[in-house]
Amino acid sequence: MKKRTMNEAGRFLGTVLLCGGVVSSCSNDIDEPASKGPEVLATPYITKVLEFVPCPGQFVNVLPEFEEGDTQEAMNEKVLQLIGNNKRGLISLGGFGGYVVVGFDHTIENKPGSRDFRVLGNAFNGNSSAAVSGATKGGSYEPGIILVAYDKNGNGKPDADEWYEIQGSAQQKGYRESWYVEAECAGNDVNCYADYEITYYKPQSEPSTPEEDEKYIRWTDNKGGEGYIPKNEYHRQPYFPQWIQSDKLTFKGTRLPQNAINRGTEAAPYFVLFSFAYGYADNALNDSEGAAIDIDWAVDANGAAVHLPGVDFVKIYTGVNQVNGWLGECSTELMGVEDLHLLENRKL
């Protein structure tokens, strides 16, 4: 098969300050490089963390824990210790755009007609009357966008033109989740933006009053929006990633509809976070089919389907920009990524 060229353009451009990696448009079929040799003693789990850049959030600098003097490389290693090799610890990506890039010791095969890998988060169903009332049922779902890369040139790293976005249900033209009407009535923005951009500004000092807590970390976006990630009473450490020296972080990508609805009252809020039908991280119970991803859901920058022989790298970033009362900001959490084919073959 003749190789075809790819254009360097993409939905997710990472942070403009530190972070590389974009989704790019491409041909429908990606050839396997002749340099790829046979895999030996492959593990189904994450074996490397290439980059971890969370957005500000209440669990940042805690999951994993930042210690004075930690570098980017040190934080990457701490993430690996938590979620690599089936450790099933937990990391937080913070607010919209915060991301992690992970890799494996083999190529996760793209098998036709089956889901190929599973993303583990900490989503759960609610069991209170507020969570189960009405036509839709919810719980705690903080969906993250998933991107995949196939190492077509065999250089052992994800190049900019090798990233493709997994298209979930919210990106399907005309598709509407069952909870959208209730969310719209609650004032949520249920648009899905493929060209969203947000900038977070590092605070000059930590807050010392309730008023300062509410206006802790300011953000602006390219849709005319602005707001703050507040500091809550439960997590008092700095929320801006402390190993990053820049005074602001800018992220671009697909922003999902706001999925949290207050089913309590203004005086006693109770936010319920709803799941999307399919296609995202931290969007389903770990042992359910919803946590499993089909590589054939990958699309290029124009939304056209692509066919990859497999996946060598996975990038996940928080897909929702929303603050949910005392629960804090929507932040995707991650426990691991698993090759479903290897798990099945080994009957693990």
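Since this is a predicted model, take the numbers as computed values, not measurements. Scope of the values below: all heavy atoms of this structure, side chains included, with no hydrogens, waters or symmetry mates.
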- If only atom types and distance count, is the side chain of Glu233 paired as donor or acceptor with the main-chain N or O of Trp326 below 3.5 Å? no

Practice prompt. Would you mind reporting whether Asp282 and Asn122 have side-chain heavy atoms less than 4.5 Å apart?
Written response: yes

Could you check whether any side-chain heavy atom of Phe117 comes within less than 4.5 Å of a side-chain heavy atom of Ile146, counting everything from C-beta outward? yes

Check your understanding: Between Phe276 and Tyr180, how do the two ring planes meet: parallel, tilted or perpendicular, split at 30° and 60°?
Key -> perpendicular

Original post:
Is the gap between the ring centers of Phe96 and Trp219 under 6.0 Å?
Top reply: no

Within a radius of less than 6.0 Å around NZ of Lys202, do more than 12 heavy atoms belonging to other residues, nucleotides or ligands occur? yes

message = Would you say that Ile198 contacts Arg255 through its side chain, given a criterion of any heavy-atom pair below 4.5 Å between the two side chains?
response = no

**Message:** Does any part of the side chain of Tyr228, heavy atoms only, come nearer than 4.5 Å to the side chain of Glu214, both counted from C-beta?
**Reply:** no

Review point. For the side chain of Asn262 and the backbone of Pro269, is there at least one donor-acceptor N/O pair under 3.5 Å apart?
Key: no

- Go through the steps to decide whether Trp297 and Tyr164 satisfy the test ring pair (Phe, Tyr, Trp, His ring centres under 6.0 Å), and finish with yes or no. CA-CA 9 Å; Trp297 294 342; Tyr164 302 92; over 10 Å; no

With a 4.0 Å cut-off on N to O distance, would you call Arg236 and Glu206 a salt bridge?
no

Would a 4.5 Å heavy-atom cut-off, applied to side chains only, mark Asn283 and Ser275 as touching?
yes

Decide yes or no for Asn110 and Asp294: does some side-chain heavy atom of the first lie under 4.5 Å from some side-chain heavy atom of the second? yes

Exercise for the section: Flag the pair Glu65 and Lys78 as a salt bridge only when some basic side-chain nitrogen lies within less than 4.0 angstrom of an acidic carboxylate oxygen. Expected result: no

dist Thr107:OG1 -> Asp151:CG (nearest 0.5 Å) comes out at 7.5 Å

Interatomic distance, CG@Asn191 vs CG@Leu256, rounded to 0.5 Å, equals 12.0 Å

Checklist entry - Any side-chain heavy atom of Asp116 within less than 4.5 Å of one from Lys111? => result yes

Answer yes or no: is there a donor N or O on one side and an acceptor on the other, between the side chain of Glu142 and the main chain of Ser331, under 3.5 Å?
yes

- With distance as the sole test, does Asp70 use its side chain to make a donor-acceptor pair with the main-chain N or O of Met75 at under 3.5 Å? no

* To do: May I ask you to decide if Leu273's main-chain N or O and Asn259's side chain share a donor-acceptor pair within less than 3.5 Å?
  => no

- Using the side chain to side chain donor-acceptor pair (under 3.5 Å) rule, take Thr332 and Tyr99 through it: C-alpha gap first, then chi angles, then the decisive distance, then the call. CA-CA 9 Å; Thr332 299; Tyr99 72 90; over 6 Å; no

Output for pair (Gln237 CD, Gln58 CD), nearest 0.5 Å, gives 8.5 Å

If we ignore angles and hydrogens, is there a donor and acceptor under 3.5 Å between the side chains of Asn321 and Asp221?
no

Would you say that Lys223 contacts Asp189 through its side chain, given a criterion of any heavy-atom pair below 4.5 Å between the two side chains? no

Q: Give a yes or no on this: more than 12 heavy atoms of other residues, nucleotides or ligands lie within 6.0 Å of atom NZ of Lys215.
A: no

Are Tyr216 and Tyr239 close enough that their ring centers fall under 6.0 Å? yes

Value for CD1 (Ile229) from OH (Tyr200), rounded to nearest 0.5 Å, stands at 5.0 Å

So CD of Glu162 and NZ of Lys157: to nearest 0.5 Å the spacing works out to 10.0 Å

